[in-house]
Enquirer: 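Structure provided below as structure tokens; questions to follow.
Bear in mind that the values here come from a model prediction, so they are computed numbers and not experimental data. Every chain is numbered from 1, with letters handed out A, B, ... down the list of sequences.
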Number of protein chains: 2
Amino acid sequence: MPKPGPGLRLIDVAHRAGVSLATASRALAGRQGVSQEVADRVRQVADELGYVANPFARTLAGGASTTVGLIVHQVDDPYFAEIAGGVIGLADERRLLVQICHSGRDPDHELRQIRHLIAQRAGIIIIAGSGYHDPRVEAEAAAVLAGYQRGGGRVAVIGRHTLGADAVLPDNEAGGHAVTAHLLGLGHRRIAVVAGASGLNTVVDRLAGVASALREHGLSLDDLPVVHTGFVREGGRTATERILAEHPSTTAIIALNDAMAMGVLAMLRERGIGVPSRMSVTGFDDVSVAADLAPSLTTVRLPMTAMGRTALELALQPPAARPRRRPTGHQLIVRDSTGPAPGQSR
Amino acid sequence: MPKPGPGLRLIDVAHRAGVSLATASRALAGRQGVSQEVADRVRQVADELGYVANPFARTLAGGASTTVGLIVHQVDDPYFAEIAGGVIGLADERRLLVQICHSGRDPDHELRQIRHLIAQRAGIIIIAGSGYHDPRVEAEAAAVLAGYQRGGGRVAVIGRHTLGADAVLPDNEAGGHAVTAHLLGLGHRRIAVVAGASGLNTVVDRLAGVASALREHGLSLDDLPVVHTGFVREGGRTATERILAEHPSTTAIIALNDAMAMGVLAMLRERGIGVPSRMSVTGFDDVSVAADLAPSLTTVRLPMTAMGRTALELALQPPAARPRRRPTGHQLIVRDSTGPAPGQSR
DNA sequence: TTGAAAGCGCTAACAT
DNA sequence: ATGTTAGCGCTTTCAA
């Protein structure tokens, strides 16, 4: 790949402002040891000339890196797109650049991306998306990130808690509880769960919430069909197909994210099964299209954009003695995809 | 922001291999002037030690940059999310890192982002999203990019043609024609158009396609209500509100992108207006949720993910004498949101 | 074919 | 408060 042409250098700004290189550097970095007057002049000259520091020189010289690495499963998954939007929005305000990589929900690939970002000297790394339930898989990533943090790198994660870093924690368990309680309140008892891979923490946590709500009604998750497939739309379709075949008396399907719920709805539509008249369906996340689906989706709202912002905010703060935790809160959004269980007189 | 810790340096590798810094550099860069034997040894030592070059030092010293700058309107707009997915997918394969910025459809902000990416020494810049119909607005961006390209930077754009760079060109006009012809074929004559800002090239081009189809049926765009609002979901809602108030006999609404079409559908639902029984609705883009809407959306499919890949492919090739152009093709996808005009006996 | 040395543009000691 | 200077790790002339 080619290299861009040369540009304005700090020394040019310094000359124009009639000061030394060092003074100009201090002035622009907002460091101490420059009179207000001189600092203002330097900044003004820099603005006039349209000076932008060369980040490579700056970083090489030991300065701070201004790039943020962001690892998501896939940016074209609406859940991650919204998180990315939040990160980029705040980064823009702070004049930071965001480098995005895909993990593809593959722990090895994720680890490779982490290493790549570290090699690129990203000053901050944000990892969004479920961790893996297997501790051994998480261990290597944790070790690499620990080294990175020891060297001064900052890390924030969204939706995982085993990585020894500041974390934004979605209300997975409480949300799972809320949505299940909602269905139980509508009289549903023959409930099926459509879940992503059982190795994903997010899946495990949301399932735990489902289980706890069931227990409160004297039911057990063990008695319900739980189908684990891909944590994406297509997974919802195939899971629904199986549920329909193996548990035809099911009256409600809990999908553990909105993408899967969309697949569930699509399959029910194909089969001509009315929602919510014959089958209630719930999602999780409240991606922005959830309100526009047919029918509009009852789901648990997570503030994805804010979660992205918060993660970057955490990373921009100096590290705390112990990793910080920021729960996100959640909100049950009841729309048209859920209704009373068939045969219920309410 | 903090700086990551020090690492292995090239000089360490050189010492271990018993050669000079320069030789080690040549060997690892695969340049000429090193004996096969020495080159192999150096590479082996580097591998053993797990050496990864410091990209800041490399770039500062005049080496190639391995980062790709990508400017989109908003990553959490599904259209751009899919394009970004395509770019990142190919970048991952080529071990490049992608820096994403938002333009927010603001030409000034876009220009600022371009400058920022150039300052960051991105080797490639990809700009996705409509250009601006006003030549003066485009001129400054074009000038900056020309300078960047003269310095060896590579540029590819998606959906604009006035920037003097390799371009991926969506079939906007042909798509606009196709969707309009579809409605005319269903007997619709009282058609309204819901468009984004009239300053956007994409809007102008799609509108031109609509106009040409109308002309073939002896109609003129001038006789139809064309409402220009934000090129997003909310714009579709407000535009529909106005159309309903001012042109109550309308039987079909052409939205110039899917986001607006979703807003149109939402407003019609609120008002209890049946689709397609009382009003047909069309979109443009075929974002992945279009099939799951209520009702599923008739629209024009553009291969967004492939467009992202293609743009990066173009940029990775050496520049051609004249900017390359890659039309995308399109496909009319007829779903449930369009039907015969009311009162038609077909 | 190889090595020595001069920067790339900036920050951060160290002087003044 | 300001200036001088030594690197940061690499690529790239220029010599040998």
Side-chain angles (χ1 to χ4, degrees), chain A residues 1-43 45-46 49-67 118-121 123 151-152, chain B residues 1-43 46 49-66 118-121 123 151-152:
Chain A
M1 221 180 327
K3 56 184 170 187
L8 210 55
R9 292 158 310 158
L10 181 54
I11 186 99
D12 302 324
V13 175
H15 284 160
R16 286 275 295 231
V19 298
S20 75
L21 185 61
T23 301
S25 173
R26 290 178 190 118
L28 293 182
R31 250 166 296 149
Q32 291 205 316
V34 199
S35 68
Q36 189 61 45
E37 191 187 9
V38 173
D40 287 345
R41 180 153 40 93
V42 172
R43 268 189 285 255
V45 169
L49 267 46
Y51 169 77
V52 184
N54 180 330
F56 295 89
R58 169 175 286 174
T59 306
L60 183 57
S65 157
T66 58
T67 80
I118 293 176
Q120 294 280 337
R121 300 328 193 248
Chain B
M1 220 180 331
K3 56 186 168 184
L8 209 56
R9 291 158 312 157
L10 181 53
I11 187 108
D12 302 324
V13 176
H15 284 161
R16 286 275 295 231
V19 297
S20 76
L21 185 60
T23 302
S25 173
R26 290 178 189 119
L28 293 182
R31 247 167 298 148
Q32 291 203 316
V34 198
S35 68
Q36 189 62 47
E37 191 187 8
V38 173
D40 286 346
R41 180 153 39 93
V42 172
R43 267 190 286 256
L49 267 47
Y51 169 78
V52 184
N54 179 328
F56 291 89
R58 169 175 284 176
T59 306
L60 182 58
S65 154
T66 59
I118 293 176
Q120 295 278 340
R121 301 327 193 250

Enquirer: Picking from D/dT2, C/dC8, D/dC8, which would you name as closest to the side chain of A/L60?
Expert: D/dC8
Enquirer: Starting from P on C/dC10, measure out to CG on B/N54 and report it in whole angstrom.
Expert: 16 Å
Enquirer: Looking at C/dT2, C/dT11, C/dA12, which one has an atom nearest to any side-chain atom of B/S35?
Expert: C/dT2
Enquirer: For the side chain of A/S20, starting at C-beta, report the closest nucleotide among C/dC10, D/dC10, D/dG3.
Expert: D/dG3
Enquirer: Looking only at the side chain of A/S25 (C-beta and beyond, no hydrogens), which of the listed nucleotides D/dC10, C/dG9, C/dT11 gets closest?
Expert: C/dT11
Enquirer: At under 4.0 Å between heavy atoms, what does A/A29 touch on the DNA or RNA strands: base, sugar-phosphate, or nothing?
Expert: nothing
Enquirer: So which nucleotide from C/dT2, C/dA12, C/dT11 ends up closest to the side chain of B/V34?
Expert: C/dT2
Enquirer: Hey, what do you get for CG (A/L10) to OG (A/S20), rounding to the nearest 0.5 Å?
Expert: 9.0 Å
Enquirer: Provide, to the nearest angstrom, the distance between the CG atom belonging to B/L8 and the P atom belonging to D/dC8.
Expert: 15 Å
Enquirer: When you match A/L21 and B/F56 each to their closest nucleotide on DNA chain D, which lands nearer the 5' end?
Expert: A/L21
Enquirer: To the nearest 10 degrees, how far apart in direction are the end axes of the helix from C/dT1-D/dA16 to C/dT16-D/dA1, each fit to five base pairs?
Expert: 40°
Enquirer: Is the phosphate of D/dT12 approached by B/R31 (side-chain N or O, under 4.0 Å from OP1 or OP2)?
Expert: yes
Enquirer: Nearest 0.5 Å, what's the CZ-OG1 distance between A/R121 and A/T67?
Expert: 11.0 Å
Enquirer: Which heavy atom in A/V42 sits nearest to a heavy atom in A/A17, and how many Å separate them?
Expert: CG2-CB, 4.1 Å
Enquirer: Is it true that a side-chain atom of B/D40 and a backbone atom of B/E37 form a donor plus acceptor pair closer than 3.5 Å?
Expert: no
Enquirer: From C-beta outward on A/Y51, which listed nucleotide comes closest to its side chain: D/dG9, C/dC10, D/dG3?
Expert: C/dC10
Enquirer: Which of these nucleotides, C/dA12, D/dG9, C/dG9, is closest to any side-chain atom of A/A22?
Expert: C/dA12
Enquirer: Under 4.5 Å between any side-chain heavy atoms of A/T66 and B/Q120, yes or no?
Expert: yes
Enquirer: Starting from P on D/dC10, measure out to CG on B/L28 and report it in whole angstrom.
Expert: 9 Å
Enquirer: To the nearest 0.5 angstrom, please state how far the CG atom of A/L60 sits from the CZ atom of B/R58.
Expert: 13.0 Å
Enquirer: Within the structure provided, determine whether A/R16 and A/L49 are in side-chain contact (heavy-atom separation under 4.5 Å).
Expert: yes
Enquirer: Return the nearest nucleotide to the side chain of A/A61; candidates are D/dT2, C/dA12, C/dC10.
Expert: C/dC10
Enquirer: Confirm from the modelled atom types if A/R26 and D/dG3 form a donor-acceptor pair under 3.5 Å, side chain to base only.
Expert: yes
Enquirer: Find the distance A/Q36:CD to D/dA1:P and express it as a whole number of Å.
Expert: 11 Å
